[in-house]
Amino acid sequence: MKHLSLSFAGCGFLGIYHLGAATALCRHGKSLLGVVKAFAGASAGSLVAAVLATAPEKIEECTQFTYKFSEEVRNQHFGAVTPGYDFMNTLRGGIESFLPPNAHEIAQNRLYISITNTKSKENYLVSNFASRDDLIKLLLASSYVPLYAGIRAVEYKGEKWFDGGFTNNLPILPFGRTVTISPFCGRLDICPRDKGLMDLYLTIAKQDVMMSMANLYRLNQALFPPTKETMESLFQAGFNDALHFLKKENWFE
């Protein structure tokens, strides 16, 4: 059995798709999760990767938080960019409630978080965490979209950082096989399957995505969360696509 990793793409509120996939893996792919050596992700993907790596029993709680968070943003006059609304504070509260006290120790060299340096615009994949607070800062940095999520970039080790999805949206780890998961249709292991125009693909921040109207629509949903009903159907889509993968690769239980 070669080294196996799971990588979750950055995708804003479409992270609900990842939670559907993670739920399917926890229910029907225990033997696969048993051999996974590392988890990786950018932005919302890094949050789901962190929960799966350190507290998989909190996936359901995380799902309920995502529904509530989406509703909170939907109810703002201008969504996340509504003056006075503290997007990052709500997100931090969620992360604080999911991560166990020793999350940074469990995640050591098992969780890879994609972040972007504000000055150099270089991407960093961080897998060493000095403390739980450092881990939380890195997850917030990976999820910070400038202006959309506030005007202050996240500080870590004396430098400022923003969303890793801008520079490496789907980290492929340099060892073994990385199983890729994204709510955007593309050349990936677990993702929706769209019918595009002549199956044209575009590489954006190291992720191959299909040029389709459905993907454009999903991009809008990532920033402006859709209704609870649509969020639930996105969760189910992630669940079903992960089941399809488990069956295809003979991991289904």
| task | Give the intermediate values and the outcome of salt bridge (Lys or Arg N to Asp or Glu O under 4.0 Å) for residues R92 and D86. | result | CA-CA 10 Å; R92 183 175 188 117; D86 197 337; over 6 Å; no

Taking the inter-plane angle between the rings of [X] and [Y] on a 0 to 90° scale, is it parallel (under 30°), tilted (30 to 60°) or perpendicular (over 60°)?
| X | Y | result |
| --- | --- | --- |
| F69 | F65 | tilted |
| Y67 | F235 | tilted |
| F175 | H3 | tilted |

Distance only, no hydrogens: is a donor on one side chain within 3.5 Å (strictly under) of an acceptor on the other, for [X] and [Y]?
| X | Y | answer |
| --- | --- | --- |
| E61 | S97 | no |
| S233 | T230 | no |
| T90 | E72 | yes |

| request: Flag yes if I113 and I106 sit in one hydrophobic cluster, no otherwise; membership is Ile, Leu, Val, Met, Phe, Trp, Tyr, and two members link when side-chain heavy atoms are under 4.5 Å apart. | output: no

| message | Taking V154 as the starting point, is it possible to reach Y112 by hopping between hydrophobic residues whose side chains are less than 4.5 Å apart? | response | no

Please tell me if the side chains of [X] and [Y] come closer than 4.5 Å, counting only heavy atoms from C-beta onward.
| X | Y | answer |
| --- | --- | --- |
| D189 | I181 | no |
| R110 | S127 | no |
| I95 | V51 | no |

| query | Using 4.0 Å as the upper bound for N to carboxylate O, is an ion pair formed by R132 and E96? | reply | yes

| query | For A38 and L173, which heavy atoms make the closest approach, and how far apart are they? | reply | CB-CD1, 3.7 Å

